[in-house]
Chemist: 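Would you mind keeping the following structure in view while I ask a few things?
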Amino acid sequence: MHILDEELYQAGMVIAACPTAPCHEDHVSACLLERLCDLPHVTTRLDEFGNLHASYEHESSGREPFRVVAHMDHPGFVVDRKEGKEEVRFAGGVEEKYFIGKKIVFYHERSQEPLGWARIKKTSFSEEAKRVKLDRTIPKEATFAMWDLPEARCTKKLFISPACDDLAQVSTVLALLRRLALSGSRASVQALFTRAEEIGFAGALAALKTKKKLSPITTLSLETSQAHGFARVDAGPIVRVGDRLSVFDSKITHWLNVAFRDLQSARPGLLYQRLLMGGGTCEASVFQRAGFPTGALCVALNQYHNMGRGTSIAAESISLRDWQGLYDFLFFLATEAKPLHVTDETVTKRFEQLEKKALSTLKP
């Protein structure tokens, strides 16, 4: 048994079954399009770079519009064939010590069925590329590969998957859009499912250069982030104040914080954390630097990028309670939370009162 809402569980399992790697997100994108198709008040489109945009808009007067961003890739292996030669490169951030002797499974964009497997017998990492040598021939049709890991599953407390980062949050957004549509909720939510985040935010950066410009609304990056420092798994979803590169918009962070406290009032016992997750950089930094009002939410992650104990490759995992909590929070944010201008005005009035008091107290 698990504690997940059925919509979230189904989304999580179907997305987790999609093989993916940077620049090879076709299976995830196709699955999303299939499950968002024909939903009331939901529209979808692919931009010229392959990012998937979705929008839910229904009787949204008085509701705060926002965009959620999640990436469709996960660190993986890419097959390069040039001038009669072929090689396998790793795309993403995993330390070189984890590779030797590990088994990988090959795929192609046309089918989710594996094409074959191989073991890594040698590595050659440089600033230019992370090349690996295998113990057998690469399958003819193969275009990418993933670590050989068991299929996704739920335990009583954890969702365990080959690629929680960031497919779990792709699933969160999918389930959110379906929940909004099937309930006919009054809300305005945009979603951006990006490509190739693991090799330098390629999809997010490209999304800023599309012919159809992104509306300048509040943008929230959703991640599964390394349990690092004060961040704890199963202690609630996290309002991410910043990452290794940036501190995000304080007005957006305050809005999220107030919404969490309001939801806690209605649901005593709901947990959340408010932390600067400095272990890495997320897509929020891309949108922050582009001038968008930006915030971030995440859940803490075990076995970040599949790096287990010692040199073992392991499935990633997140807390079911954290995941469900974030999903419920996003629905609340879309349908019930105070608009951003209300929380901002409250802070402004408070500081005006403090200023008046300060000048009265300290007047010469």
Side-chain angles (χ1 to χ4, degrees), residues 19-28 48-51 71-109 115-149 162-163 165-167 194-209 223 225-226 228 243-246 278-286 289-290 303-308 310-314 316:
T20 190
C23 301
H24 296 272
E25 303 89 355
D26 302 64
H27 293 300
V28 178
E48 58 266 42
F49 300 105
N51 297 307
H71 61 90
M72 299 184 288
D73 64 323
H74 183 75
F77 300 84
V78 176
V79 179
D80 268 351
R81 294 185 174 91
K82 293 178 182 177
E83 300 176 354
K85 298 180 180 180
E86 61 181 16
E87 68 176 18
V88 176
R89 295 182 292 103
F90 187 75
V94 175
E95 296 174 38
E96 190 171 2
K97 68 179 184 179
Y98 285 91
F99 286 76
I100 300 297
K102 303 306 190 303
K103 187 177 178 182
I104 64 175
V105 181
F106 290 96
Y107 297 95
H108 188 277
E109 282 73 11
L115 298 175
W117 62 274
R119 289 193 186 276
I120 299 169
K121 64 179 184 180
K122 187 178 179 181
T123 59
S124 177
F125 282 22
S126 66
E127 289 188 10
E128 176 196 0
K130 300 174 181 177
R131 296 180 176 86
V132 299
K133 296 290 185 181
L134 306 174
D135 67 350
R136 63 195 65 198
T137 303
I138 302 167
K140 184 178 179 181
E141 298 286 316
T143 54
F144 69 101
M146 299 180 71
W147 300 113
D148 182 30
L149 290 166
D165 176 19
D166 197 25
L167 297 192
T194 59
R195 302 181 64 205
E197 186 271 354
E198 300 290 358
I199 55 172
F201 316 111
L205 289 164
L208 296 171
K209 301 296 182 182
E223 273 283 4
S225 302
Q226 184 179 10
H228 183 80
D243 60 17
R244 186 161 53 193
L245 183 63
S246 308
T281 306
C282 69
E283 287 171 309
S285 280
V286 173
R289 292 173 69 83
Q303 285 79 240
Y304 169 73
H305 282 187
N306 306 113
M307 292 183 285
T311 60
S312 66
I313 288 295
E316 296 180 325

Chemist: Measure the spacing between CG of Leu115 and OG1 of Thr143 and express it to the nearest 0.5 Å.
Modeler: 8.0 Å

Chemist: At what distance, to the nearest 0.5 angstrom, does CG of Leu134 lie from CD of Glu87?
Modeler: 11.0 Å

Chemist: Which residue is it: Thr194, Thr20, Asp165? I am looking for the one with a side chain to side chain donor-acceptor pair (under 3.5 Å) to His71.
Modeler: Asp165

Chemist: What closest approach, in Å, do Gly92 and Pro75 show between heavy atoms, and which atom pair accounts for it?
Modeler: CA-CB, 4.1 Å

Chemist: Distance check, rounded to the nearest 0.5 Å: Met146 atom CE versus Asn306 atom CG?
Modeler: 7.5 Å

Chemist: Got a sec: does the CD of Glu128 have more than 12 other heavy atoms crowding it under 6.0 Å?
Modeler: no

Chemist: Measure the spacing between CD of Glu283 and CG of Leu205 and express it to the nearest 0.5 Å.
Modeler: 9.0 Å

Chemist: Report the residue from Glu25, Glu223, Met72 that forms a side chain to side chain contact (heavy atoms under 4.5 Å, CB included) with Glu197.
Modeler: Glu223

Chemist: Any chance CZ of Arg81 has more than 12 other-residue heavy atoms, nucleotides or ligands included, within less than 6.0 Å?
Modeler: yes

Chemist: Would you check if Thr123 and Lys130 make a side-chain contact, meaning some heavy-atom pair closer than 4.5 Å?
Modeler: no

Chemist: Quick one: closest heavy-atom pair of Pro22 and Ile199, and the distance?
Modeler: CB-CG2, 3.9 Å

Chemist: Locate the shortest heavy-atom distance separating Arg131 from Ser126; write the atom from each residue and the value.
Modeler: NH1-OG, 4.4 Å

Chemist: Tell me which donor-acceptor pairs under 3.5 Å the side chains of residues 100-107 have, and how far apart each pair is, sequence neighbours excluded?
Modeler:
residue	atom	partner	partner atom	Å
Lys102	NZ	Tyr98	O	3.0
Lys102	NZ	Thr311	O	2.9

Chemist: To the closest 0.5 Å, what do you measure between OG (Ser124) and CD (Glu96)?
Modeler: 7.5 Å

Chemist: Taking all atoms of both residues into account, what is the closest heavy-atom pair of Gly76 and Phe90, and its distance?
Modeler: O-CD1, 3.4 Å

Chemist: State which residues pass ring-ring contact (aromatic ring centres under 6.0 Å, His included) with Phe49; sequence neighbours excluded, sorted by chain then number.
Modeler: none

Chemist: Look at the aromatic rings of Phe77 and Phe99 and report parallel, tilted or perpendicular, splitting at 30° and 60°.
Modeler: perpendicular

Chemist: Can you find a pair of side-chain heavy atoms, one from Trp147 and one from Pro162, that are under 4.5 Å apart?
Modeler: no

Chemist: How close do Ser285 and Ser246 get, heavy atom to heavy atom, and via which atoms?
Modeler: OG-OG, 2.7 Å

Chemist: Go through the steps to decide whether Asp80 and Val88 satisfy the test side chain to side chain contact (heavy atoms under 4.5 Å, CB included), and finish with yes or no.
Modeler: CA-CA 6 Å; Asp80 268 351; Val88 176; over 6 Å; no

Chemist: State, to 0.1 Å, how close Ile138 and Ala142 come at their nearest heavy-atom pair, and which atoms those are.
Modeler: CG2-CB, 4.1 Å

Chemist: Using modelled atom types only, decide if a donor and an acceptor are shared between the side chain of Lys121 and the backbone of Arg136 within a distance under 3.5 Å.
Modeler: no

Chemist: Over 60° means perpendicular and under 30° means parallel, so tell me whether His74 and His305 are parallel, tilted or perpendicular.
Modeler: perpendicular

Chemist: Between atom CD of Glu95 and atom CZ of Phe125, what is the distance when rounded to the nearest 0.5 Å?
Modeler: 10.0 Å

Chemist: Check the pair Asp243, Ser225 against side chain to side chain contact (heavy atoms under 4.5 Å, CB included), reporting the backbone distance first and the verdict last.
Modeler: CA-CA 10 Å; Asp243 60 17; Ser225 302; over 6 Å; no

Chemist: Under 3.5 Å, side chain of Asn51 to main-chain N/O of Ala206, donor-acceptor pair present?
Modeler: no

